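Note that the structure is predicted; figures quoted are calculated from it, not measured. In what follows, every heavy atom counts, from backbone to side chain, and hydrogens, waters and symmetry copies are set aside. We're numbering straight along the sequence, starting at 1.
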Amino acid sequence: MANRYQHIKDKAIELRVERKMTLDQITECLSVPRTTIYYWIKDIPIPTTQKQTAAQQRRADDHRERHAKKRQVAYDAGMAEAPELLTDPLFRDFVVAYMCEGAKRDRNKVSFVNSDAGLIRLAHHWMEKFSDNKISYRFQYHKDQNPEEVKQYWADILKIDPEQIKFQRKSNSGNLARRKWRSVHGLLTMETSDTYFRAKLQAWMDFVKMQW
């Protein structure tokens, strides 16, 4: 098993160094959890090639600067609207839940993972409300679970088409029935690629923390 994972790690590093693939591209290519790939390649920047001209570098720098300014505008807007939004207890619950359970490493995505139907429903409501982009859904399942039943369960919870939910079998798991602690319907991941929603969400989380 260790050798198998070493092979996948070596492949991830190869894709990063030789093909200059991004974290998300490697994750999709290898079907390995994003956090695992991140720790494997986090210290390996995509190298600059000799083909990259000074003009290309300036364009890349200008692109990053423009997006940084847009993120700052979104963050400032989030701070400005936080006092009013946070008077809604359910919105505040979402922000605090995201502080505890949401993904925070990627400044371009809002991603929430949980097994609790109530928390998933809460986060989904506000993600739908504030994101301008499509939400994706996925879960991993154990070999003794029926993925179609799990998919239908989450679809009923969120009132969405079951075909919107993707799934993948856990590669390193045994039977769920043998575990003392069980999450019968697995962990559902909801994710949207929305840089400016993520910037606002950061402002809302910071505003809550300032009140503590």
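No continuous path of hydrophobic side-chain contacts links Tyr196 to Met205 [ILVMFWY only; heavy atoms under 4.5 Å].
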Cys29/Met21 under side chain to side chain contact (heavy atoms under 4.5 Å, CB included): CA gap, chis, key distance, verdict
CA-CA 10 Å; Cys29 181; Met21 292 176 68; 4.2 Å; yes
Evaluate Leu188 against Leu158 for side chain to side chain contact (heavy atoms under 4.5 Å, CB included), listing each step before the verdict.
CA-CA 11 Å; Leu188 183 72; Leu158 298 177; 3.8 Å; yes
Please determine whether side chain to side chain contact (heavy atoms under 4.5 Å, CB included) holds for the pair Glu128 and Ile135, giving the CA-CA distance in whole Å, both sets of side-chain angles, and the decisive distance to 0.1 Å.
CA-CA 8 Å; Glu128 277 196 316; Ile135 299 173; 3.8 Å; yes
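The shortest side-chain heavy-atom distance between Val150 and Pro147 does not fall under the 4.5 Å cut-off. Looking at Leu85 and Val95, their side chains never come closer than 4.5 Å, going by heavy atoms from C-beta outward. Leu30 has its side chain within reach of Leu15: a pair of non-hydrogen atoms, C-beta onward, lies under 4.5 Å apart. Taking 4.5 Å as the limit, some side-chain heavy atom of Leu90 sits within range of a side-chain heavy atom of Trp126. Residues Arg107 and Gln202 form no side-chain contact, since every pair of their non-hydrogen atoms from C-beta on lies 4.5 Å or further apart. You'll find the side chain of Pro83 reaches within 4.5 Å of the side chain of Phe207, heavy atoms only. Contact check for Arg121 versus Ile157: side-chain heavy atoms found under the 4.5 Å cut-off.
Under the 3.5 Å distance criterion, with hydrogens and angles disregarded, no donor-acceptor pair is assigned to the side chains of Thr192 and Asn133. With no hydrogens or angles considered, a side-chain donor-acceptor pair links Arg92 and Gln211 at under 3.5 Å.
Aromatic pair Trp204/Phe91: centroids less than 6.0 angstrom apart. Outside the 6.0 Å centre-distance limit, the rings of His124 and Phe112 are not counted as a close aromatic pair.
Thr87 contributes a side-chain N or O that, together with a main-chain N or O of Glu84, makes up a donor-acceptor pair within less than 3.5 Å. Judged by distance alone, the side chain of Asn114 and the main-chain N or O of Leu187 form no donor-acceptor pair under 3.5 Å. Judged purely by atom type and a 3.5 angstrom limit, Arg16 uses its side chain to pair as donor or acceptor with the backbone of Ile44. Under the 3.5 Å distance criterion, the side-chain polar atoms of Glu101 are left unmatched by any main-chain donor or acceptor of Tyr98. In this structure, the side chain of Asp116 engages the main chain of Leu119 through a donor-acceptor pair within 3.5 Å. At least one donor-acceptor pair under 3.5 Å links the side chain of Lys104 to the backbone N or O of Gly102.
To the nearest 0.5 Å, the span separating CD1 on Ile26 from OG1 on Thr22 amounts to 7.0 Å. Interatomic distance, CD of Glu191 versus CE of Met127, reported as 8.0 Å (0.5 Å rounding). For the atom pair NZ (Lys166) and OG1 (Thr189), the distance works out to 14.5 Å, reported to the nearest 0.5 Å. Atoms CD1 and CD1, from Ile8 and Ile37 in turn, are 8.0 Å apart once rounded to the nearest 0.5 Å. Taking CD of Gln152 as the start and CG of Asp156 as the end, the distance is 4.5 Å to the nearest 0.5 Å. Interatomic distance, Ile120 CD1 to Ser115 OG, rounded to the nearest 0.5 Å: 8.0 Å.
The two residues Gly186 and Gln145 come nearest to each other via the heavy atoms N-NE2, 4.3 Å. A pairwise comparison of heavy atoms in Trp40 and Ala12 identifies CE3-CB, 3.9 Å as the closest pair. For Gly78 against Ala203, the heavy-atom pair with the smallest separation is C-CB, 3.8 Å.
Ring-plane geometry between His185 and Trp154 is classed as perpendicular, the angle between the planes exceeding 60 degrees on a 0 to 90 degree scale with a lower cut at 30. Below 30°, between 30° and 60°, or above 60°: for Phe167 and Tyr141 the angle between ring planes is above 60°, a perpendicular geometry.
Legend: side-chain hydrogen bond (donor to acceptor under 3.5 Å, both in side chains) pairs involving residues 73-82, not counting sequence neighbours, sorted by first then second residue: Gln72-Asp76, Tyr75-Asp206, Glu81-Lys200.
By the 4.0 Å N-to-carboxylate-O rule, Arg198 lies too far from Asp106 to be salt-bridged with it. Salt bridge Arg19/Glu14: absent, no basic N to carboxylate O contact under 4.0 Å.
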